[in-house]
**Q** 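Input: one structure, supplied below.
Computed over heavy atoms, backbone and side chain alike; hydrogens, waters and symmetry mates excluded. Just so it is clear: chains get the letters A, B, ... in the order the sequence lines come, proteins before strands, and each one is counted from 1.
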There are 2 protein chains.
Amino acid sequence: MLLAVAERIQSHLDATARAVGVTHAQVKVLMQLDQPQRLCDLASLQDCDPSSITALVQRLERDGLVQREVDPNDARARRIRISAKGKRSRQKFLELMGDGRAALDTLSADERAALAAMIAGG
Amino acid sequence: MLLAVAERIQSHLDATARAVGVTHAQVKVLMQLDQPQRLCDLASLQDCDPSSITALVQRLERDGLVQREVDPNDARARRIRISAKGKRSRQKFLELMGDGRAALDTLSADERAALAAMIAGG
DNA sequence: TATTGTTATACTCTATAACTATA
DNA sequence: TATAGTTATAGAGTATAACAATA
């Protein structure tokens, strides 16, 4: 049941990202770029392999949503910075997404009550 | 916040599926095979393109988790049936997954209360 | 030597378009 | 003509392994 809700939120998230012209994974990265982040830090935050982030960031850069710059403190590292276009995409996504409550709209009152009790009592 | 919980459940789901040696998408299909299903019905249930299900089922069949048979009522259609091995994988997944409550364990009591209120009142 | 990141490669999921076979 | 399914192709996400540059 909790799983069904998670699936529904996930679908809502995917659809919203698509409406903005980005993917779910790309949005997750954009969300973490309030400050420029090193690539390895992004990998830690997303709990995935650095090579995956390299690929992801390459697509974000290709689409003009981020810029890469050398870390002034470590010539090995790259800092990823969100662009103006990236900020617009992120903002648009958040507006469309709301707080995710829309994903609960398909649940009945009974289902919502049961779910709330489960979470509160978990 | 709701989104964070959904992400956490999603991760738990992915990790559990991986532990059983299948993918999240494959488990979702196995869950819908209490009765044999036609491929086009699986596509509807998963809300995805039939060609995606064709590919997915090919991998499930390769791994011995399902069998395909011609629908006796329609020579165009194929019925997908879960195998004994598939049932064991599904069972193991459900046992490891529990009811998904484990995904809530990282939330504080305050967070859980806030989330429960949001769901109940949504 | 250890860390940061990239490249090469491979696999899964997904979609679109063109196709075959059957209804 | 419409429906069920497949194949070809492509793009995204992910991982492993081997590698280069820097610390």
**Q** Could you tell me whether Arg79(B) contacts a base, only the sugar-phosphate backbone, or nothing, with contacts defined as non-hydrogen atoms closer than 4.0 Å?
**A** nothing
**Q** Under 4.0 Å between any heavy atoms, over every strand shown, what does Gln46(A) touch: base, sugar-phosphate, or nothing? Just pick one.
**A** nothing
**Q** From C-beta outward on Cys40(A), which listed nucleotide comes closest to its side chain: dT12(C), dG5(C), dT14(C)?
**A** dG5(C)
**Q** Does the pair Arg79(B)/Asp41(B) count as a salt bridge with the N-to-O cut at 4.0 Å?
**A** no
**Q** Answer yes or no: does a side-chain N or O of Arg38(A) lie under 4.0 Å from OP1 or OP2 of dG5(C)?
**A** no
**Q** Could you write nucleotides 17-23 of chain C as a row of B, S and -, 5' to 3', where a protein heavy atom under 4.0 Å of any base atom gives B, of only sugar-phosphate atoms gives S, and otherwise -?
**A** ----BBS
**Q** Using a 6.0 Å cut-off, check whether atom CD of Glu95(A) has over 12 heavy atoms from anything other than its own residue.
**A** yes
**Q** Do Arg81(B) and Leu33(B) have side-chain heavy atoms sitting under 4.5 Å apart?
**A** no
**Q** Given dG5(D), dT14(C), dA12(D), identify the nucleotide with an atom nearest to the side chain of Arg59(B).
**A** dT14(C)
**Q** If only side-chain N and O atoms count, and only distance matters, is there a donor-acceptor pair under 3.5 Å linking Glu7(A) with His12(A)?
**A** no
**Q** Kindly state which residues belonging to residues 82-96 of chain B come within less than 4.0 angstrom of DNA chain C, counting heavy atoms of the residue only, listed by number.
**A** none
**Q** Is Lys87(B) paired with Asp34(B) through a side-chain N to carboxylate O contact shorter than 4.0 Å?
**A** no
**Q** Is any side-chain heavy atom of Pro36(B) closer than 4.5 Å to one of Ile80(B)?
**A** no
**Q** Counting any heavy atom closer than 4.0 Å, what does Arg68(B) reach on the DNA or RNA strands: base, sugar-phosphate only, or nothing?
**A** sugar-phosphate
**Q** Between Asp47(A) and Ile53(B), name the one whose nearest nucleotide on DNA chain D is closer to the 5' end.
**A** Ile53(B)
**Q** Nearest to the Thr54(A) side chain among dT6(C), dT14(D), dT6(D), which nucleotide is it?
**A** dT6(C)
**Q** Hey, does Leu56(A) reach any base, or is it just sugar-phosphate, or nothing, if we go heavy atoms under 4.0 Å?
**A** sugar-phosphate
